[in-house]
Engineer: 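To start, I am sharing the structure in question, which I have written as structure tokens.
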Number of protein chains: 2
Amino acid sequence: MQEASMPSQVSWTREVRRFIEAGGNTTHAFGLGRLIGRMFALLYLSPKPYSLEDIATHLEISKASASMTIRQLEEWHAVRHVPVEGDRRDFYEAETEFRIIVKQGLLPGIRKKLATAGSQIHRTLEAGATVPVSQDHSPAEIQIIKKRLRTAANLHKKLDGLLSSRLVEKLL
Amino acid sequence: MQEASMPSQVSWTREVRRFIEAGGNTTHAFGLGRLIGRMFALLYLSPKPYSLEDIATHLEISKASASMTIRQLEEWHAVRHVPVEGDRRDFYEAETEFRIIVKQGLLPGIRKKLATAGSQIHRTLEAGATVPVSQDHSPAEIQIIKKRLRTAANLHKKLDGLLSSRLVEKLL
DNA sequence: GACATCGTTTAGAATTTTCTAAATGATGGT
DNA sequence: ACCATCATTTAGAAAATTCTAAACGATGTC
């Protein structure tokens, strides 16, 4: 009995490891750092909450890294702090409702980044409006530039509107 | 006349510089590198095509960097190679149809990244199906894990379907 | 209130990523 | 065919990011 389950046992833990690394590669591919994906993957596959040190041990990282990364995950609502009775350590578990993570964590972050870009588009647009003459460009060229800026501003507006709408509801 | 336009002239070029840097910050914020956004912003505000050396000069980078980054932009269909009669240098101009950039450049890249994550989810799911017993987890916990994996697989499927649909048409 | 244990901060080490100069390859002009 | 000029490749420098050990602060325990 025990011997029969041993081989699969080994391959399961190895598969979990692969899963964790794949999570890290995914977040890294999207420019979010490798650790955050590894950590979320670990917690997502854990029915039981983990303490900071548990996490650090499993991922073979320092407690310092674990602390900083878990706070980032908390900001994104991807991880919850769960109190464990009679233990003053911090325990964490993964948020399993992706809707919450996307809506409260990811989308606000994306919108914030887009807002920075959008404000510069408008700033340039306004600067262009007060500059009818240029030694670098002909009047016709300036019209083209202004049109492109308006197109960019329009795209930004559409994107932001879409992200703040109930698109997410439909999705999940 | 000339004196009257001089002050605005200065502020316009400065504003263009700000625009370019903002473009760089935006792509960098989304994990795409700072240079690619700076370069696209430069070309987007240029009615005339630029040669590789033009680009390198304006952005104060080496021709080597310009070459590698422009190829990346080409892969994303964000920049077009335009032949200039009687000049064997390569000239480039920005693609101004964002629909094309998103549809042919960004979305395929995103889907590719998601596909990697998705295949690992399924792989783990299959491994879990063949492992009914574990010394680390109770049977009830294993059920929870399997359910979470199915949820993740489902999310991945929805996401991928959405990205490959005509969502983009509606958007732009 | 001193001690023990935990989480956070921070200064700097280690790694990764980005960038460039130089070499190479490719192509057109003479 | 040779030279001149351009784009690309690559090996290694430079810069940015990520990670950690140690110091610190906070909180519960005896």
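Naming: A, B, ... by sequence-line order, numbering from 1 per chain.
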Engineer: Which whole-number value in Å describes the distance from Asn25(A) CG to dT16(C) P?
Structural biologist: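 These atoms are roughly 13 Å apart.
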Engineer: Sequence neighbours left out, what passes ring pair (Phe, Tyr, Trp, His ring centres under 6.0 Å) with Phe40(A)? Give chain and number order.
Structural biologist: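 If we apply the ring pair (Phe, Tyr, Trp, His ring centres under 6.0 Å) test to Phe40(A), skipping adjacent residues, the hits are Tyr44(A).
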Engineer: If hydrophobic clusters are built from ILVMFWY residues whose side chains come within less than 4.5 Å, do Phe91(A) and Val79(A) share one?
Structural biologist: no
Engineer: Which residues satisfy the ring pair (Phe, Tyr, Trp, His ring centres under 6.0 Å) test with His122(A), sequence neighbours excluded?
Structural biologist: none
Engineer: Is there a side-chain polar atom (N or O) of Ser67(A) under 4.0 Å from OP1 or OP2 of dG7(C)?
Structural biologist: no
Engineer: Which whole-number value in Å describes the distance from Arg89(A) CZ to dG7(C) P?
Structural biologist: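 After rounding, the reported distance stands at 8 Å.
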Engineer: Can Ile100(A) be reached from Trp76(A) by stepping across I, L, V, M, F, W or Y side chains whose heavy atoms are under 4.5 Å apart?
Structural biologist: no
Engineer: Round to a whole Å and report the spacing from CG of Asp54(A) to C1' of dG7(C).
Structural biologist: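 Whole-Å distance recorded here is 14 Å.
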Engineer: Output the rounded distance in Å from CD1 (Ile55(A)) to P (dC6(C)).
Structural biologist: 14 Å
Engineer: Rounded to the nearest angstrom, tell me the gap between atom CD in Gln72(B) and atom P in dT8(D).
Structural biologist: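 From Gln72(B) CD to dT8(D) P: 14 Å.
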Engineer: Could you give the NE2-to-C1' distance, from His81(A) to dC6(C), as a whole number of Å?
Structural biologist: 11 Å
Engineer: Could you state the CD1-P distance from Ile70(B) to dA7(D), rounded to the nearest angstrom?
Structural biologist: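 My rounded result for the distance is 10 Å.
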Engineer: Roughly how many Å is it from OH in Tyr50(B) to P in dC6(D), rounded to a whole number?
Structural biologist: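 Rounded to the whole Å, the gap is 18 Å.
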Engineer: Could you tell me whether the phosphate oxygens of dT9(C), OP1 or OP2, come under 4.0 Å of any side-chain nitrogen or oxygen in Arg71(A)?
Structural biologist: yes
Engineer: Report, as a single string ordered 5' to 3', how protein heavy atoms within less than 4.0 Å touch nucleotides 13-30 of chain D: B base, S sugar-phosphate only, - not at all.
Structural biologist: ----S-SBB-----BS--
Engineer: Heavy atoms, side chains only, cut-off 4.5 Å: are Arg38(B) and Leu42(B) in contact?
Structural biologist: no
Engineer: Do Arg18(A) and Glu15(A) meet the salt-bridge criterion of a basic N to acidic O distance under 4.0 Å?
Structural biologist: yes
